[in-house]
Amino acid sequence: MKQSMSDTSQRPQPVATAETRPFWDGAAEGVLCLRRCADCGRLAAPLAPRCVNCLGDVFKVETLSGRAQLKGRCVVHLQPLPGRDGPLVIVEAALHEDPRIVLIALDETGITETALPGAALRLGFGPVEGSHRFAMVLPPEDQG
Amino acid sequence: MSIVIAGFGSSGIEKRSERGIAAFALDAALAALADAGVTRDDIDGYVGAPFATNAGSPHAEGGDEISLKTVSSLMGLRLGWGADLFRRYPTDMVATAAHALRAGTCRFVLGLRALYVAPGLDYATAASERVFGADQFTKPYGYTTAGARFAARAWAYMAQHGATRDDLFAIVDLSRRNAALNPEAIWRDKPLSFADYDRGRMIAEPHGLFDCDLPVCGAQAFVMCREEDLPQGGHPARVTGFSGFARPEALWSMSGRSVADLKTAQLYDGFSSMVWEWLDGLGITPPGGAPAFLRDGHAEPGARLPLNTFGGALGEGRLHGMGHLREAYLQASGRAGPRQQATGPALVQVGPYDDSSFVLLEPATV
Ligand SMILES: [Zn+2]
């Protein structure tokens with residue numbers, strides 16, 4: 001059901017906070033950025049206000065490789081996402097730098113079609129939709 | 001001090017209804033009071049968990065959710081204490097009621113959970129203009145709908161352990177056969193062949209239509225008290241253990257029981273693959289062993305560990321774990337009728353792989 005007062009014809013637009021802004025700023029440049037704890041060196045999930053390990057709150061923003069392992073994958077046959085037709089291939093990608101951090105991305109090129117859990121992936125970001133670029137599994141030519 | 005569930009009640013369960021959520025809630029509450037042998041005026045405590053779980057829910061009080069405030073006002077309750085648990089499960093409701101009863105805060109706690117399918121809404125949508133908090137990393141990918149995260153986990157499990165759609169069907173099939181003995185179940189007269197199952201349209205691979213529980217309008221409720229306060233005509237089952245998923249061992253240390261003592265298990269099955277999670281997770285089966293356990297018939301009625309003997313959510317409808325709790329109660333109190341298995345410790349688990357809780361119920365020796 002469409003809500004008359006808002007534009008729901010495009011992908012939902014993230015509303016960043018201080019914690020998540022480095023991620024989206026990086027995404028706008030097409031790079032994967034997370035924060036690393038300045039005290040113990042643990043990588044922080046985008047939403048985390050403090051380091052889950054030492055509970056410190058001093059982070060350094062770091063550009064990651066985009067390398068990841070395929071943790072989960074599903075093909076959604078409903079049409080939950082405005083602006084997308086046909087089945088959606090959604091992947092859970094465990095980051096190479098810390099596989100405890102799992103990001104969600106779309107595979108829009110079918111590269112994970114026959115992949116198994118643990119398969120190597122590269123994550124990047126798609127074109128601007130609305131005012132954001134969203135995580136995607138890079139197509140074969142960019143898998144490097 | 002022993003804490004008991006003294007009675008349980010269910011509304012009818014319907015796919016759609018002209019009646020509102022409050023009508024279902026009060027039907028269930030009155031049935032629970034009658035079953036426990038108490039009156040409305042005896043109730044001085046309340047615990048609920050009103051959250052509507054569908055992605056597109058309007059979260060409307062008295063619409064598709066009903067909280068303590070509305071229930072107590074519509075029933076004319078005079079509560080000394082009560083609480084609604086945000087995004088928690090019926091198993092947590094039991095633990096919370098047990099705490100209040102042990103503390104002496106109240107004598108008779110009404111527990112209630114109602115679900116409702118509001119007409120005219122697309123529940124399976126991620127459409128929204130802006131997304132906040134955790135949603136910003138999930139909703140723009142459609143990950144919050146159709147059980148995508150459970151499907152993704154099922155995919156990995158199946159790939160790692162060689163399970164197939166036949167193994168998913170084994171769960172759905174067991175649910176449908178068990179539901180045949182549950183008069184409340186939405187699918188009670190609907191056996192499902194593998195061919196039927198396989199013809200069901202895909203929702204989120206590997207889950208097809210019949211791997212998903214059906215959203216329904218319905219409510220179930222219970223009454224809990226200290227065992228010494230059990231009313232004449234009440235039907236007790238003892239609450240002997242509870243724990244959160246991160247410390248499942250607390251369930252066994254609190255109850256003095258072990259997996260080997262279990263007579264029945266009601267494991268949450270909003271999606272079929274979810275029952276593998278805690279068969280493996282609690283060590284009932286070795287890692288990856290759950291599909292074989294089902295395939296070999298160990299989860300059948302009368303077998304080693306009868307599972308979801310009321311048909312599960314897949315057979316009864318999506319009461320978000322209330323049906324599981326009710327069945328564990330009926331099994332532990334020896335009142336499951338034609339579904340009755342050996343009486344003894346009855347396990348109930350409600351919630352997903354990364355956020356569940358457990359309750360153990362046992363026969364009261366009165
Ligand atoms: Zn740290």
Side-chain angles (χ1 to χ4, degrees), chain A residues 1-3 5-17 19-21 23-24 27 45-47 70-84 87-94 101-107 112 115-119 126 129-136, chain B residues 54-58 118-163 168 200-209 211-212 271 273 288 352-354:
Chain A
M1 196 173 79
K2 290 280 198 300
Q3 297 162 22
M5 294 302 288
S6 61
D7 177 10
T8 55
S9 63
Q10 63 174 13
R11 286 178 87 166
Q13 298 293 303
V15 177
T17 57
E19 296 77 24
T20 66
R21 197 161 287 115
F23 178 89
W24 293 115
L47 274 172
L70 183 59
K71 178 165 190 265
R73 176 187 189 273
C74 71
V75 183
V76 173
H77 289 253
L78 307 178
Q79 302 292 332
L81 208 54
R84 290 290 187 288
L88 269 186
V89 181
I90 307 174
V91 305
E92 298 171 334
I101 298 180
V102 176
L103 295 179
I104 309 305
L106 291 185
D107 169 14
T112 62
L116 292 172
E129 296 178 74
S131 53
H132 287 78
R133 297 175 68 181
F134 295 95
M136 62 178 287
Chain B
N54 309 303
S57 161
L121 293 179
D122 179 2
Y123 279 126
T125 182
S128 46
E129 189 181 8
R130 288 171 298 166
V131 282
F132 304 87
D135 280 353
Q136 70 193 287
F137 299 102
T138 53
K139 259 193 167 177
Y141 307 94
Y143 186 67
T144 53
T145 59
R149 72 191 189 107
F150 302 105
R153 193 167 167 93
W155 170 84
Y157 187 98
M158 291 164 77
Q160 278 155 1
H161 301 298
L168 291 176
R201 68 194 171 101
M202 274 295 162
I203 301 296
E205 291 177 50
H207 293 152
L209 184 62
D211 293 298
C212 311
F271 299 96
S273 59
Y353 58 89
D354 55 353

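As a basis for the values below, the full set of heavy atoms in this structure was taken, side chains included, without hydrogen atoms, waters or symmetry mates. Just so we're on the same page: letters track the sequence lines, and every chain starts at 1.
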Distance-minimising heavy-atom pair for [X] and [Y]:
X	Y	value
K139(B)	L81(A)	O-CD1, 3.5 Å
C74(A)	A151(B)	CB-CB, 3.6 Å
A134(B)	L47(A)	CA-CD1, 3.4 Å
K71(A)	A156(B)	O-CB, 3.3 Å
A159(B)	L116(A)	CB-CD2, 4.4 Å

Options V15(A), I90(A), T20(A), ranked by heavy-atom pairs under 4.5 Å with chain B, top entry: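 Of the options given, most contacts go to V15(A).
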Among the listed options A16(A), G118(A), G130(A), P46(A), the residue most often paired with chain B at heavy-atom distances under 4.5 Å: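 That would be P46(A).
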Side-chain heavy atoms of [X] within contact of [Y], under 4.5 Å:
X	Y	answer
L78(A)	R201(B)	yes
V75(A)	M202(B)	no
V91(A)	W155(B)	no
Y157(B)	P117(A)	no

Going by the rule ring pair (Phe, Tyr, Trp, His ring centres under 6.0 Å), which residues pair with H132(A) if we only count those two or more places apart in sequence or in a different chain?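 Testing H132(A) for ring pair (Phe, Tyr, Trp, His ring centres under 6.0 Å), a comparison that skips the adjacent residues, returns W24(A).
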Straight-line distance of E129(B) CD to Q10(A) CD, nearest 0.5 Å: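 The CD atom of Q10(A) is 7.5 Å from CD of E129(B), to the nearest 0.5 Å.
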Say you draw a straight line from CD1 of I104(A) to CZ of F137(B); how long is it, rounded to the nearest 0.5 Å?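 These two atoms lie 11.0 Å from each other.
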Could you tell me which portion of R149(B) (side chain, backbone, both or neither) has an atom closer than 4.5 angstrom to a non-hydrogen atom of chain A?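 Backbone plus side chain of R149(B), per the 4.5 Å heavy-atom cut-off to chain A.
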Engaged part of A154(B) at the chain A interface, taking heavy atoms whose separation is under 4.5 Å: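 It is neither, since no heavy atom gets under 4.5 Å.
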Identify which part of A45(A) has an atom lying under 4.5 Å from any heavy atom of chain B, answering side chain, backbone, both or neither.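 For A45(A), there is no contact with chain B at all, as no heavy atom is under 4.5 Å.
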Heavy-atom contact with chain B under 4.5 Å, split by part of A115(A):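 Contact with chain B: backbone only.
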Would you say the side-chain atoms of Y143(B) pair up with the backbone N or O of E92(A), donor to acceptor, closer than 3.5 Å?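 A pair under 3.5 Å: no.
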